[in-house]
Amino acid sequence: MSRFADIVLPLAQPAYTFAVGEGVEVRVGDAVAVQFGKSTIYTGIVWRLHDTPPSRGEAKPILKVLYDKPLLSELQMRFWEWIADYYICSVGEVMRVALPSAIKSKARCEEEFEPYTPKQEAIVSLVASAFADEVREKLQRRAPKRYEALCALEEAGGVLPRYAIELDAMALKALCRAGLVAIGERPYTLNCEWSKTLLPQLSTAQTKALDEIRNGLTDKMVCLLHGVTSSGKTEIYTHLIAERLARGEDVLFLVPEISLTTQLVERMRGLFGESVTVYHSKLTPHQRTKLYTDMLSSEGGNFVVGARSALFLPYRKLGLIVIDEEHDSSYKQSEPNPRYNGRDAAVVLAMMHGAKCVMGSATPSLESYANYLSGKYAYTQLTERYGGVEMPDIVISDTVRNVKRNERKLHFNKELLDGIAERLERHEQVILFQNRRGYSPYMECPSCGWSARCPKCNVTLSAHQHKGRMVCHYCGYNEPIQRYCPNCKTGELQPMGFGTERVEEAVAQLFPEARVLRLDGDTATSSAAYNRIIGAFARHEADILVGTQIVSKGLDFADVTLIGVLNGDNLLSSPDFRAEERAWQLIMQVAGRSGRRDKRGEVIIQSAEPQHAVYATIGDYERIASRLLAERKQFAYPPFVRIVRITMRSSNKELLVASSLQLGEQLQARFGRRVLGPVTPLIDRVRGEYRVEIMLKVEVESSFSRARGILRDEIKRLRTNKEFRNVTIICDVDI
Ligand code: ADP
Ligand code: ZN
Ligand code: ZN
């Protein structure tokens, strides 16, 4: 028996050594309770067992082993280590996102978790005696749908899972009352044969793509499915998923934001019933823990739909990871550590499991597309929408010309005004996209130029008319909207620029008869609120939906035939090297929301710079991708280099400047011209802390793991200077 255990705690610290007491049995991967510091009890994970006493002090004992089986498999431990190493953080910080908080705090509360209960599924069974000939005949005549359902039941031997029966609850109840069927429950097992009959019949183009994916995955691990919006990528995934589940393998379906996926989960439940588990950080700690521990006890065949944190579930044998909307920037955790990219980590996890990945997008990221070009990924394309729906017509509307001709009214060019009027007349729907919430991004005094700024951040305050307040979008600070300039006391403050609230107001003035809904961070405050707005718009209870980028994601509205992008240029104006790629992806995703089904859609993009290259090639993926890739290559940006952004923060400006200059020098000595900075970012103060950034660019051909090692060492060396210890240093890999 080993006498010591290195234990990972949910902290930004390395593992600590604890003593394994007499008679205590621990295994690697076990969750244990330990005391750390004066009185805090933590849950930790046993990482390594050995016989070497700690070099300093005496090892404290492990207090308790918390579960009857290890919480982490060997493979999961290697995965945590990979994330910590690649994203330059501690394994303990990975633990923070990887385990549900109820597990992490279990050591402190005495509550025991419920034992594993196998999932139940609702079933419908045929009361055979009741299905007599005369009933049969009557039903066939009067209620063909119910008749079909009964025949299906009969064919399946009398019992089917509820999800497999296409009848609404009312119809089923009626059948129940008539004594023809009984509704019950049984322990869930995936019936693959049955699931297969539920899978949608694929079109010729979809079948071809599915074959290409299967072929591609025979010798490659990842296949990129590049399919225009509404081409039916989801249907293709379902076939791949069914195959894996049938083999008893686990499947993970990753989505960028789980709150936006009600439609998807419903579709999947209709096909795979109770095998669908939805996992994300918005579940209660208790729900997440139950899902985690149940999966520990399950025998595989789990189908998880989840956000990036679902990567950390205890899969037995992952067979497939689907990464939907792989281009979406919300796959990256921006804060706090680990600042990992769920898409990229998924590929590593799949590799560890010997699983396959399918990444889907209508607008693949340049990274993934480059991986196809270099032969790393397989690739297949769907160029047409399902059911022959046409791609929307894209029109660039010249704002400057509109202003010259005096044809622009309240942020709307003539083309867009006419387009909206036409749609309203035809009782069709319109989506208006503006990538800013609130009324206006800043208020300015026309006489002295003063504008309201956040006292803690170096940004202007946005006006939010509905709340009557000026709000900082970085720290949440807010104050009442003022009418007169506090600086010169005479000027009346004017809203500058416009956000969704102001668009909503303008629409009300220009089209008083139109019914308008707004979807943005201020109205979609919960998934219930989000669903309410989306539901109302889908039922055509409004004519116009005004929204931020939320409207670009995964929605399907039959009656929308016009999309207006109010200001295409401000998407391009951010200093980020991805600005153009993001702007273009966003526009194409928003465009994808129109003209589904039978009506051809139109997209009108308002721009003061209509000759910008992004507009010239907007519908042509290959051209835009090759131009952007050439630029990235020329100026040394991803995917040709890897970037680590080192952000240093402190409320003491002098200390920050001194420490960043020193770190900059240290890094330049090691990396030479690969180091850029320290520079002051555009927003150099947030929540009262000053910020400085250093960029490190490492060519993909050179060893990134060595570079990370050097970076870690140099940061450690900087910290030997006691003065600098209070400066926060954050590394963000692959920004
Ligand atoms: P994507 O994920 O590529 O945007 P979806 O999978 O959402 O596209 O499909 C778009 C629409 O077409 C959906 O309403 C879907 O139900 C329908 N559809 C796609 N493929 C099929 C199919 N093979 N059979 C029936 N309906 C399909
Ligand atoms: Zn003033
Ligand atoms: Zn602020």
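Hydrogens, waters and symmetry mates play no part in the numbers below; they use all other heavy atoms, side chains included. In each ligand, atom 1 is the first atom listed, and ligand 1 is the first ligand listed.
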Hey, what's the angle at the Zn ion (ligand 2) spanning SG (Cys445) and SG (Cys448), nearest 10 degrees?
110°
Backbone or side chain, does any N or O of Pro200 fall under 3.5 Å from an N or O of ligand 1?
no
Look at atom CD of Glu654 and say whether more than 12 heavy atoms of other residues, nucleotides or ligands are closer to it than 6.0 Å.
no
Would one find more than 12 heavy atoms of other residues, nucleotides or ligands at under 6.0 Å from atom OH of Tyr474?
no
What distance do Leu432 atom CG and Leu545 atom CG have between them, rounded to the nearest 0.5 Å?
8.5 Å
Ignoring hydrogens and geometry, is there a side-chain-to-backbone donor-acceptor pair from Arg649 to Val692 under 3.5 Å?
no
For ligand 1, which atoms, with element, lie under 4.0 Å from some heavy atom of Gln201?
22 (C), 23 (N), 24 (N)
Looking at ligand 1, does Arg267 have a heavy atom less than 4.0 Å from it?
yes
Are any N, O or S atoms from His473 nearer to the Zn ion (ligand 3) than 2.8 Å?
no
With heavy atoms under 4.0 Å as the rule, classify the contact between Arg385 and ligand 1 as side chain, backbone, both or neither.
neither
Can you name the atoms of ligand 1, numbered from 1 with element, that are less than 4.0 Å from a heavy atom of Thr234?
2 (O), 5 (P), 6 (O), 7 (O)
Strictly under 4.0 Å, does any heavy atom of Ser231 approach an atom of ligand 1?
yes
Among Ser203, Gly227, Ser361, Ser230, whose heavy atom sits nearest atom 1 (P) of ligand 1?
Ser230
Using a 4.5 Å cut-off on heavy atoms from C-beta on, say whether the side chain of Ile323 contacts that of Val358.
no
The SG(Cys454)-the Zn ion (ligand 3)-SG(Cys457) angle, to 10°, is 110°
So for atom CD, which belongs to Glu384, do other residues, nucleotides or ligands contribute more than 12 heavy atoms lying within a distance under 6.0 Å?
no
Non-hydrogen side-chain atoms of Val560 and Phe537 separated by less than 4.5 Å:
yes
